[in-house]
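Here's a structure for you.
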Amino acid sequence: MSEASAFCETTGGALYAARMLEVVVEETMNCTPDDFLEFVLDVHRYAEVDDKIGTIDWARRDGDLTEFKFRPVLPGIPGPAPKMVMWVRRVPGTSIEMSMAPLPHNRWIRHLVRFDASFECTPVEGGTRVRSVTSMDVTPAARWLMEAILRRTLPGNIRGEMDRAKVYLDRQTRQKQAHHG
């Protein structure tokens, strides 16, 4: 039986003088840590489980860094959102850090939000324990529109993302085992 939790926490967001929304979800996946990290680095595959990743314009991978341009879809927020360039970076060990690419990218969307996410993987009996942390600062200019909606919708959206990732990776692991078994 998997343990899963999702919560929303408010703390002071220094960069934007706004409140930060943070969602943490933990789930045990039926795969190795490396399988999970490779899945996230392949943004086209990961977009199959993360409906916040809208249309991908382009994606480039160079070793442990994937950079991609896409149109984000935030749950409950009327769209379309400005396009965004993200970095997905594997850091030494068993984790991924996601962030908005630095300037000159994301000039417009920086006036609305700051977004960061991470995945920490720990090998456990039966697979990999994944801890997903998603943080979003909403600027004062956009807070009136976005903050209350995201507090209501983002935790469930990220919980659903991890549930879909679990199903996807479980299916992949079973297919690998069937081919090698």
Side-chain angles (χ1 to χ4, degrees), residues 6-25 36-92 95-120 130-165 168:
F7 65 89
C8 179
E9 181 179 291
T10 305
T11 58
L15 287 177
Y16 288 80
R19 294 180 183 167
M20 181 167 56
L21 175 67
E22 183 174 82
V23 180
V24 177
V25 178
F36 183 83
L37 298 173
E38 285 299 316
F39 174 54
V40 177
L41 283 165
D42 183 343
V43 295
H44 291 284
R45 283 178 47 213
Y46 197 75
E48 294 180 43
V49 301
D50 185 353
D51 57 11
K52 293 178 298 304
I53 300 174
T55 303
I56 297 173
D57 289 352
W58 52 261
R60 294 187 279 264
R61 180 156 179 200
D62 183 14
D64 288 338
L65 173 68
T66 298
E67 180 180 41
F68 69 107
K69 183 177 184 178
F70 71 109
R71 186 173 302 277
V73 179
L74 295 175
I77 303 293
K83 291 188 178 184
M84 175 187 283
V85 177
M86 292 290 295
W87 280 2
V88 181
R89 182 184 307 273
R90 183 177 185 161
V91 294
S95 63
I96 292 275
E97 292 177 355
M98 298 176 74
S99 62
M100 293 168 55
L103 291 172
H105 300 293
N106 303 311
R107 282 195 174 133
W108 167 243
I109 203 161
R110 285 180 195 282
H111 295 287
L112 301 175
V113 298
R114 188 192 65 162
F115 172 85
D116 297 291
S118 65
F119 296 97
E120 296 174 17
V130 177
R131 184 173 196 262
S132 165
V133 179
T134 302
S135 302
M136 185 176 271
D137 283 327
V138 181
T139 64
R143 189 178 317 142
W144 68 271
L145 169 66
M146 298 174 66
E147 188 175 24
I149 294 169
L150 290 173
R151 283 188 187 289
R152 256 189 348 269
T153 61
L154 197 59
N157 177 276
I158 293 172
R159 170 77 265 162
E161 170 189 333
M162 293 296 283
D163 290 345
R164 290 185 296 274
Y168 184 101

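Note that the structure is a prediction, hence the values are computed from the model and not measured.
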Practice prompt. Show your working on side chain to side chain contact (heavy atoms under 4.5 Å, CB included) between V88 and V40 and close with a plain yes or no.
Written response: CA-CA 8 Å; V88 181; V40 177; 4.0 Å; yes
Can you list, pair by pair, the side-chain donor-acceptor contacts under 3.5 Å of residues 72-82, counting residues two or more places apart and other chains?
none

Worksheet item: For W87 and E97, what are the C-alpha separation, side-chain angles and deciding distance, and is it a side chain to side chain contact (heavy atoms under 4.5 Å, CB included)?
Response: CA-CA 8 Å; W87 280 2; E97 292 177 355; over 6 Å; no
Discussion item. So, using ring-ring contact (aromatic ring centres under 6.0 Å, His included) as the criterion, who are the partners of Y168 when residues are at least two apart?
Written reply: F39
Worksheet item: After noting the C-alpha distance and the side-chain angles of M86 and F115, does the key distance pass the side chain to side chain contact (heavy atoms under 4.5 Å, CB included) rule?
Response: CA-CA 9 Å; M86 292 290 295; F115 172 85; 3.4 Å; yes
Worksheet item: Which atoms form the tightest heavy-atom contact between V25 and M162, and what is the distance?
Response: CG1-CG, 3.8 Å
Item to complete: For W108, look at atom CH2 and say whether over 12 heavy atoms of other residues, nucleotides or ligands are found less than 6.0 Å away.
Response: no
Worksheet entry | V133 to V24 - nearest heavy-atom pair and separation | CG2-CG2, 4.1 Å
Worksheet item: Considering all heavy atoms of both residues, which atom of F70 and which atom of G54 are nearest to each other, and what is their separation?
Response: CD1-N, 3.8 Å
Response to the item:
Taking every heavy atom of I56 against every heavy atom of A47, the minimum-distance pair comes out as CD1-CB, 4.2 Å
Worksheet item: Do side-chain atoms of D116 reach the backbone of S135 as a donor and acceptor pair under 3.5 angstrom?
Response: no
Worksheet item: Between R60 and E67, is the closest basic N to carboxylate O distance under 4.0 Å?
Response: yes
Fill in: Test log, rule side chain to side chain contact (heavy atoms under 4.5 Å, CB included), inputs D42 and E38
CA-CA 6 Å; D42 183 343; E38 285 299 316; over 6 Å; no
Discussion item. Going by side-chain hydrogen bond (donor to acceptor under 3.5 Å, both in side chains), name the residues that satisfy it together with R90, two or more places apart in sequence or in a different chain.
Written reply: D34
Discussion item. Restricting to non-hydrogen atoms, name the atom on E120 and the atom on S95 that form the minimum distance, rounded to 0.1 Å.
Written reply: CA-CB, 4.0 Å
Response to the item:
Closest heavy-atom pair, N106 versus M84, reported as atoms and distance to 0.1 Å, is OD1-CA, 3.2 Å
Discussion item. Tell me whether T55 contacts the main-chain N or O of R71 through its side chain, where contact means a donor paired with an acceptor under 3.5 Å.
Written reply: no
